[in-house]
Each structure stands twice: as C-alpha cells, then as structure tokens.
Novice: 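My questions will all concern the structure given below.
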Amino acid sequence: MKKYLFFAAALVAFASCSSDDFVGENNNSPNLNPAPASGEKAIVFNSGANAVTRSTHVGADAAAMLGNNFVVEGIKTVSGSPVEVFDNYNVNYTANSANKTASNTANWEYVGQDILTGKTAIYAQTIKYWDYAASQYDFWAYSLGGSSGVTVSSLDHDAAITTSAYTFTGTATQLKDVYISDLVTAYNPSVSGEPAFQDEVNLAFRALVAKIRVGLYETIPGYSVKNVLFYPSASGTPAATAVLYSANTDLPSSGECTVYFPTVGKSNAISSPKNSDYNKAHISFAAAGTKTANQSYGTLIYGTKESHEKTGTEFLKRTSAQPTWAVESGNSSGDYSVVLPNEDGTVLTLKVDYTLESTDGSGETITIHGAEAWVPAQYTRWKSNYAYTYIFKISDNTNGKTDLTNGPAGLYPITFDAVVIDSEDDTQETITTVSTPSITTYSITSDVTTTNEYKTSDVIYATTTENGSLITMTTDNTWLYKLTSSKTDYSAADVLEALNKYVSNTAGTIVGRNAVTLTPQTFTLTETELPLVDGNKITGLTAGQLAKFTCASAGTYAFVYQKTAPTATTAKAEYNVVSPQPAVGADVSSYYTTTDGDTYTACGASATAVAGTVYFSKIASSDYNVATGAVYGVKVIIVK
C-alpha cells in the first residue's frame, strides 16, 4: 500500500507501507519419521518471516532473516491450568535436515540444541510430544536475528502473556534485526480453521522496529540540483548526512518494547466474524535514556549527470517514482533506516542548502540556502513493523534564499521589459511563505526582504492564497499570535507543534507542549484596498481578503490561516505500562486502562486488578491535547 500526500509548494511528499498480514510456510503433508511405538507424535516447528513490506519470506529466506534461530515458549492447558512445555527452547535451522528426526519436518530442530543462556533449570532440550489430555497448546517466539546488545526478559508461561509476554530493551540499531511472532494456539478437539494437534507449528514472525527512508527529487526548469546539504537543527551547520529534526527533543534514542497478546481464547477464534485481533502480538513502547531532536538517514545516492551538465557528476533525480534516496553506509536493508516506535509523533523539519547548475552547458550555478519543509505530526507516528517513506520535492517555488544574509526567499526568473522610472526612492517589497496555503505579508514602510524584519510602527497587511487565488479569511479561521517562550528564535515548526499538541487553550491563548505560548493579537479583515509605495492602490478586494494589523511591541509573531479545522481533539498524557503488572485483586485505584491506545480511563477509587487487563500509570505533568486533521498556513513575522 503506497500513499503519496503532497504538502506545501516548497517540498514534501509522504508515503507509508505497512504490513499486517503474516503468513508462514505451510506443509500440508508432513513426512514424519515413524512415530514411537506408543503412537505419540512429536511437536515440530516451521516459520515464515515478514519484513516491513507486503512480501512474505519462507524457507531458507526466512531462516536467513531470523539468523537461523528463534526462541520458543510453549504451554499446554490441562484441567484449566497452564503447564510449561517449551521453556525458552532454542530452535535452529539447518538446510536439508528435514525428516531426519521425528522432531524436524521443515529444517528446524530443537532437540539437542544449545540451552538458552541463563536457563539453568533445563538440563537438555528434549523431544516433546502432543498430549491429548490437554485442551490446548499455545506457542509464541522471538528471534534476535543478527542483533547484539539487546536485553531480553524471560518468557513466562502464565496468564501474563495478555499484559507482558516478554520485553526487549535497546537502541534502534540494536533492535533492528529482532523479530517477534504472533501467538499460535492448537485446540483439542480441533477448531475449524485453526491449528490442530499434530499439525506443524507455523510461527509467523514480523519486525519489531519501524523503518524509514528519505528521498528527494527536483523539478526546476533549466537547472539541475547537486550538493544537497542538510541542517541537523534550525541553526545548525549543514552537512551531507540526511537529517529530519524536531523543534524539541521528542525522538527516543533507546527504550523498552513490551510484547503482549491481549486478545486470546477460543471465544475469539470461533466468533463470527472471527475477532481480527485474535492472537495478534501487540507492542507497547517506553522510551529510556535521553531523547534526541533529530534522526539521520545516511547520504544521498545521486544520479549521473545529463548531457549538458558541466561542473559535476552527481545530481538529484527528477521524479517521485525514482527519487534520490538517502542510504546509510553499510546498510544491508536497502534505502530504509531503522527507528524506534514513536506513536505520538512530532513535527519534523527538513532544512537544506543545495546548488543549481544550468542545463544550457554554461556551468552557471546558483546556491539556495535554508529551504524548509515540514512533516506534520500526524505523519510521523511510527509504529512497529511499518515502513514510512518521506519524499521531498525541490521546485522553483522554494522558500530558500540565494543569499542567506540579504536575499529574499524564493527563485525569481529574470525577465525583460521597457519601463520609465519616475522615482528612485520608492520601493515595494513582500515576503511570501512557500506553502499551501501561502501567506504574504507586506508593509509600505519596511524593507523586509533585506532585513527580514518589521518595525513596531509598521502597518502590516497579510493575504492568503492557494493556487494563485486569494482566500477570504474570517475570524474563525485566521489568527495573529505573539510567540513567547525561552527561545530566542522561532520557526513555523514551533507554531505548528503548539497548534497540534497543546497543554491549554484558554480564551484563545495556546500553550504548546513545546512550551511555546501563542497569545492572540488584534487585526482587522475589513480593508478592501492595499496601499502601494507610490501612492497607488490595489483595489477590487472584498472584505476578508486582506488582514491589517500593527504589532505593538518587538518580538516574534505568527500569522496563521486554518485551511482545515481539526477533525478531533484528544486529551493525551504520558502513560506507561505498569511493571510488573498488579496481581489479580490488588489495588489499582491510581492506574488507568485503555482499549485503543488513545483514550485512557481512570480505574477509580477502590478498583482492584482484573485478570487479562493491562494497567497504565500516568505522568500528570505531561498532560496535553492532540488536534488531528487540521491544515495550517503559517507565516512567522519578526518585529524590532
């Protein structure tokens, strides 16, 4: 599944691929060695592995992804009580070994394999047989693949699998090759469509972490793009490594992934329709250690030069279907970089310098500084086993500058005309944000394209356009804010972050979770004429198409137009899975529960723990609200 959503005229497209179908290799005619004289059948395993794509890997391909090993836990239920059968058994793959033992029909063997480190209670991994006195067997597993440095909790065989079957702790790099399986349950008597006793146990694995790739392409007529340099922060020094950064330290650098199976039991298997979440592995993530403000994705793999390009050999490609990808050195997984889950999301900024080279063979170049694009938080909510693609388009509608110190934002084609100059003193200059919608601010008394500043005495006008047409603004969808916080400079990302994730919104004053406060200022929407520097006017405007205001004090302001109102506003807080989970009957009055991962409900006074329920604790100081679905145009205004 690929979706390309294009934002802003400057840059940016986003796509995601996800996978939630995991199919193992099935062997419908197992050729077991002759069974023991008792007639018992050995329990045997097979596996399939699925990366964050729609493809399913089986056989030797799956084994290679799993590092030729997985660790399995298995229990049987006898008279209603769980009995451990496989206590973290190692299962190893050897090609062409199938059917040489009763416990191996698909090249996966557990008998006689090395015991998992730390499991001193098991002296040897022995063959296991199906016990028809049991009502069901449950199996779940993980594989570390080629990972190292991962801390893994022990797998337990009691009812805790509904809240915490096991955990993995590490960095994204350490966890990048970890795979987890869904639960496999075999029933006795058998249930239609479900595994039965004596069937091969097919464990389907999926990746634990998320993956991201970043690509760029260009569509600038008459020029090719080379030497793209990325900013690691709003004021950082650009370099060749591709980076997306947040306005805050929101991105986890390490953490704990807890795997659990909340929807189990025969009632879910036989329901009509079958419960879609039955036996599915879920993951809760808790960040550990210091969070970071940016994420690196490697360096760009450029395309070759075209026939008329003269001064270089590596240039950006020209289509979204075949962009120039950023690839980490030594990355064996292709274009993708691994990241930890981050389901809250955060506004990410791409800021780049790049060089244009004329395609007329002259070798003439222009360097663009500080072009920016923003990915809204809605599109950065990374989930386990999802692959995300961010594609950025560099066009002639850039918001970068050809002179970082003095030049205006954008590219302006050179044109010719015959003019008569009446005065050399009058100037008329505007600044326009390159986005959709696009906001232009203008003052008759300020040379803003040189200084990027207005004065407190300036009368400032603002228009909002989309596809070249003026938008009629109202006081319900347009605001002027003054920005305050401990910061000394602001970007549109700061404003978007506060609008999308805020602690409070009282009488129009918004306090963002990023500690940026947006205080509403007065403006009018009644003007129908725009005065020009030479005494003329732009007429023919209707009320609402032109905002007018004066900033009473120095500082940073933001003019905001809301194209699309939020579809929902959800109260959020920092919730963490309680570890260890409270025992059945224990006091849980201070804890919370959730059914969808977004809305959390307080257990309430005198509440006690119920079997099969996951409990969460709340960090009250981090309360905030998430406004989803809104689309904004933002223009940051500096007033001296």
Side-chain angles (χ1 to χ4, degrees), residues 8-12 216 218-240 243 245 300 309-312 315-316 349-360 362-374 392-417 419 421 424-435 438-455 458 460 488-493 533 556-557 559 634-640:
L11 305 165
V12 80
L216 290 86
E218 62 95 357
T219 61
I220 300 178
Y223 289 87
S224 295
V225 174
K226 64 181 181 180
N227 299 338
V228 180
L229 299 177
F230 299 83
Y231 287 75
S233 62
S235 58
T237 301
V243 174
Y245 64 82
L300 295 175
E309 291 160 339
K310 185 175 181 179
T311 63
F315 296 86
L316 284 187
T349 300
L350 174 82
K351 184 176 181 181
V352 293
D353 293 350
Y354 55 91
T355 299
L356 306 178
E357 180 182 323
S358 175
T359 58
D360 65 0
S362 67
E364 182 245 348
T365 61
I366 300 174
T367 299
I368 305 297
H369 303 273
E372 292 181 291
W374 297 273
F392 298 87
K393 179 177 71 173
I394 295 178
S395 73
D396 54 354
N397 286 328
T398 180
N399 54 14
K401 296 182 176 183
T402 57
D403 187 316
L404 187 58
T405 303
N406 298 313
L411 283 173
Y412 300 91
I414 298 172
T415 61
F416 297 92
D417 197 357
V419 297
I421 300 175
E424 295 182 354
D425 297 327
D426 295 331
T427 59
Q428 175 187 325
E429 297 179 336
T430 64
I431 290 182
T432 303
T433 59
V434 182
S435 60
S438 175
I439 297 171
T440 299
T441 54
Y442 164 75
S443 174
I444 196 172
T445 55
S446 279
D447 181 13
V448 291
T449 57
T450 299
T451 63
N452 197 31
E453 299 169 354
Y454 293 94
K455 299 185 291 292
D458 290 338
I460 303 172
T488 57
D489 60 326
Y490 299 86
S491 69
V533 293
T556 302
Y557 295 76
F559 191 84
V634 175
K635 175 67 174 71
V636 174
I637 302 167
I638 300 173
V639 176
K640 296 292 186 178

Novice: Answer whether the closest heavy-atom distance between the side chains of W374 and V634 falls below 4.5 Å.
Specialist: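 No, every pair of side-chain atoms sits at 4.5 Å or beyond.
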Novice: Mind checking side chain to side chain donor-acceptor pair (under 3.5 Å) for T359 and listing every partner two or more places apart, or none if nothing turns up?
Specialist: none
Novice: When rounded to the nearest 0.5 angstrom, what is the spacing between NZ in K455 and OG1 in T445?
Specialist: 5.0 Å
Novice: Using the side chain to side chain donor-acceptor pair (under 3.5 Å) criterion, which residues pair with Y245? Sequence neighbours excluded.
Specialist: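 Counting only residues at least two positions away or on another chain, Y245 forms no side chain to side chain donor-acceptor pair (under 3.5 Å).
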Novice: Side chains of Y557 and T441: does their closest heavy-atom pair fall under 4.5 Å?
Specialist: no
Novice: Evaluate the side-chain proximity of V636 to T556: yes if any heavy-atom separation is below 4.5 Å, no if none is.
Specialist: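 The answer is yes; the side chains approach within 4.5 Å.
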Novice: What's the spacing between F559 CZ and I439 CD1 if we round to 0.5 Å?
Specialist: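 Interatomic distance, F559 CZ to I439 CD1, rounded to 0.5 Å: 6.0 Å.
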Novice: Using modelled atom types and a 3.5 Å cut-off, is there a donor and acceptor pairing between side-chain atoms of K351 and backbone atoms of A234?
Specialist: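 Side chain of K351 to backbone of A234: a pair is present.
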Novice: Indicate yes or no: at least one non-hydrogen side-chain atom of T365 is less than 4.5 angstrom from one of L356.
Specialist: no
Novice: Any non-hydrogen side-chain atom of Y354 less than 4.5 Å from a side-chain atom of E218?
Specialist: no
Novice: Taking side chain to side chain donor-acceptor pair (under 3.5 Å) as the test, write out the residues that go with D360, two or more places apart.
Specialist: S358, S362
Novice: May I ask you to test the P238-Y231 pair for a side-chain heavy-atom distance under 4.5 Å?
Specialist: yes
Novice: Within this structure, what is the CD1-OH distance for the pair I394 and Y223, rounded to the nearest 0.5 Å?
Specialist: 15.5 Å
Novice: Please identify which of these residues, V225, L229, V228, meets the side chain to side chain contact (heavy atoms under 4.5 Å, CB included) condition with V352.
Specialist: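 Among V225, L229, V228, the one meeting side chain to side chain contact (heavy atoms under 4.5 Å, CB included) with V352 is V228.
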Novice: For D353 and H369, work out which heavy atoms get closest and say how close.
Specialist: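 Scanning both residues completely, I find the closest heavy atoms to be OD1-CA, 3.1 Å.
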Novice: Can you tell me how far the CD1 atom of I638 sits from the OH atom of Y454, to the nearest 0.5 Å?
Specialist: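 Rounded to the nearest 0.5 Å, the CD1-OH separation comes to 10.5 Å.
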Novice: About how many Å separate CD1 of I368 and CG of N227, when rounded to the nearest 0.5 Å?
Specialist: 12.5 Å
